[in-house]
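For the numbers below, each heavy atom of this structure counts, side chains included, while hydrogens, waters and symmetry mates do not. Worth saying up front: this structure is predicted, and the values here are computed from it rather than measured. Sequential numbering from 1 along the given sequence is applied to the chain's residues. In each ligand, atom 1 is the first atom listed, and ligand 1 is the first ligand listed.
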Amino acid sequence: MNKKEFPLTPMELENVIKKFPTPFHIYEERKIRQNMRRLQKAFAWAPLFREYFAVKALPTPHILQIIKAEGGGADCSSLPELILAEQAGICADKIMFSSNDTPYQEYQKAFSLQANINLDDISHIAYLEKYAGLPELICFRYNPGPSIKGNAFIGEPAEAKYGLTRDQMFEAYRIMRDKGVKRFGVHAMVLSNSLQVNTFVEIAEMVFSLAAELHTKLHIPIEFINLGGGIGIPYRPEEVEFDVEALGRQLQERYQSILASVGLTKTAIYLESGRFISGPAGYLVSTVLHKKETYKNYVGLDASMADLMRPGMYKAYHHITISGKEAVKPSYLCDVTGSLCENNDKFAIDRLLPPVDIGDRLIIYDTGAHGRSMGFNYNGKLRCAELLLREDGTVVQIRRAETIDDYFATLRGFSGSLL
Ligand SMILES: *Cc1c(COP(=O)(O)O)cnc(C)c1O
């Protein structure tokens, strides 16, 4: 069980809304810091542990500043994400560049920042060398292919576009070694939103074994092993949260038996968690605009899929409460919708809520990762603002809502523009 609790009382929330109209995402600084510390503590045994926050989960300078203050790095996969990290003062080996199908401009930027570059394919060795040069340190992303089966994967590894095959891994590190590269990392990310510690440990075991084999067969040092992101969060109140402490303990054992036994005693352990760090720290706050009763009951919000895609895109569950009606018995069965002309623009389907009134403030939980950042402008929908609830209880805006001017910006200012 995990408790779904909004950090503001109804009156505090109304005071925030007076200044910042709904819809908006609001993030809790305290929770983000707590999750960073919890992860670091669980891996305190590692010679060096670093959490590279997955910027795509919540790409906002204020958030990256908090991550940096907690000793974290940034996992970037695009040019704007690299620039966000740079502007937050996160640099050099505190940036992990884990991209795929990468344009050369992005490699050049990563190279100039001296980021840890993680190649997604063997063919990118020549591409990187041609456009950026050979870095001092190189990392490759491993895809275990059909040797791994199960669910909670990003997709069956054999069907996933990411990473190198096992044979290619050995070939790629050999090529780099022969070119004179002296520092190496190993990367793998096969899981997404997994609540199973055991599955995580199994994957890590496999990656540790591969790193040990690369080390002994090619006589190369392995400076770090990056296990990627993918730690899940309990979106449903009845789900149990991921036991990161157990993960830490079990990986410590595997580290000793698989890595230390072949002499890899200084290899650092990296993670690229996004969801685990900021997911539960975010809430989408929205106002009920309309109620509609046809073949089903519909509760229409002022937010839409542009602000939170996960329910529409993955049928993902996000918990919903009504500010001030926390103690009221749920008895109204409804679909909670946004205003997009797409029938999958629903935050919830057949959800039991307390009786809903127009003007109610609905709180949608766990929106702090892959929420606002996944949004889009389809149907001319403008994405909402982002607020930060500071540890001292104050609320600041960290991203304003999009305006109609933003929407029209790409239609103006070029020859041939009709506007
Ligand atoms: C998306 C992604 C992450 C973060 O995943 P979470 O589910 O948010 O932990 C980390 N690394 C890479 C390479 C990714 O693509």
Side-chain angles (χ1 to χ4, degrees), residues 27 31-32 35-36 38-40 42-43 50-60 63-64 67 72-82 84-85 90 94-102 106-107 110 115-121 124 139-144 151-155 157 160-164 185-197 199-200 203-204 207 224-235 239 241-242 244 247 269-282 308-310 313-314 316 318 366-374:
Y27 310 117
K31 264 198 185 169
I32 294 174
N35 291 339
M36 282 296 291
R38 198 173 150 205
L39 208 53
Q40 287 163 343
F43 285 88
R50 188 171 290 145
E51 152 66 5
Y52 290 81
F53 179 69
V55 174
K56 74 170 191 251
L58 186 44
T60 317
I63 302 299
L64 295 181
I67 300 294
D75 164 40
C76 306
S77 54
S78 68
L79 190 55
E81 288 183 1
L82 284 168
L84 275 168
I90 299 174
K94 288 215 164 173
I95 299 178
M96 191 76 209
F97 186 56
S98 290
S99 59
N100 70 93
D101 191 18
T102 315
E106 305 193 349
Y107 277 137
N116 291 341
I117 296 178
N118 182 23
L119 297 187
D120 186 67
D121 189 49
H124 285 225
C139 179
F140 290 94
R141 177 169 184 169
Y142 176 47
N143 181 332
N151 43 33
F153 293 112
I154 293 174
K161 65 172 178 168
Y162 308 110
L164 289 76
V186 176
H187 178 281
M189 173 170 172
V190 190
L191 297 170
S192 180
N193 192 29
S194 168
L195 287 172
Q196 306 295 325
V197 174
T199 320
F200 223 94
I203 306 278
V207 183
F224 67 80
I225 295 173
N226 184 334
L227 297 170
I231 297 180
I233 58 169
Y235 285 99
E239 284 173 329
E241 66 171 8
F242 188 94
V244 276
L247 177 70
I269 299 296
Y270 295 164
L271 288 178
E272 296 170 343
S273 311
R275 194 185 317 269
F276 176 80
I277 300 296
S278 62
L308 181 68
M309 294 256 286
R310 298 189 71 261
M313 188 164 164
Y314 308 123
H318 280 262
D366 302 304
T367 68
H370 316 294
R372 165 69 174 70
S373 61
M374 264 192 175

query = Polar-atom distance check: G228 versus ligand 1, any N or O pair below 3.5 Å?
reply = no
Could you tell me whether some N/O pair between S273 and ligand 1 is separated by less than 3.5 angstrom? no
Which of the numbered atoms in ligand 1 are under 4.0 angstrom from any heavy atom belonging to [X]?
X	value
D75	10 (C), 11 (N), 12 (C)
G230	5 (O), 6 (P), 7 (O), 9 (O)
R141	13 (C)

E106 versus S99, side-chain donor and acceptor atoms under 3.5 Å: no
Give the residue, atom name and distance (to 0.1 Å) of the protein heavy atom nearest [atom].
atom	value
atom 10 (C) of ligand 1	E272 O, 3.1 Å
atom 15 (O) of ligand 1	K56 NZ, 2.6 Å
atom 5 (O) of ligand 1	M189 CE, 3.6 Å

I'd like to check [X] versus [Y] (side-chain heavy atoms, cut-off strictly below 4.5 Å). Are they in contact?
X	Y	value
C139	N116	no
M96	F224	yes
L227	V207	yes

Q: Could you walk me through whether F43 and L271 pass side chain to side chain contact (heavy atoms under 4.5 Å, CB included), step by step?
A: CA-CA 10 Å; F43 285 88; L271 288 178; 3.9 Å; yes
Under 4.0 Å between heavy atoms, the region of A57 that gets near ligand 1 turns out to be neither
Tell me which donor-acceptor pairs under 3.5 Å the side chains of residues 273-281 have, and how far apart each pair is, sequence neighbours excluded?
| residue | atom | partner | partner atom | Å |
| --- | --- | --- | --- | --- |
| S273 | OG | E51 | OE1 | 3.4 |
| R275 | NH1 | Y235 | OH | 2.8 |
| S278 | OG | G368 | O | 2.8 |

- Message: Any atom of ligand 1 sitting under 4.0 Å from a heavy atom of A369?
- Response: no
With sequence neighbours left out, the residues meeting ring pair (Phe, Tyr, Trp, His ring centres under 6.0 Å) with Y142 are none
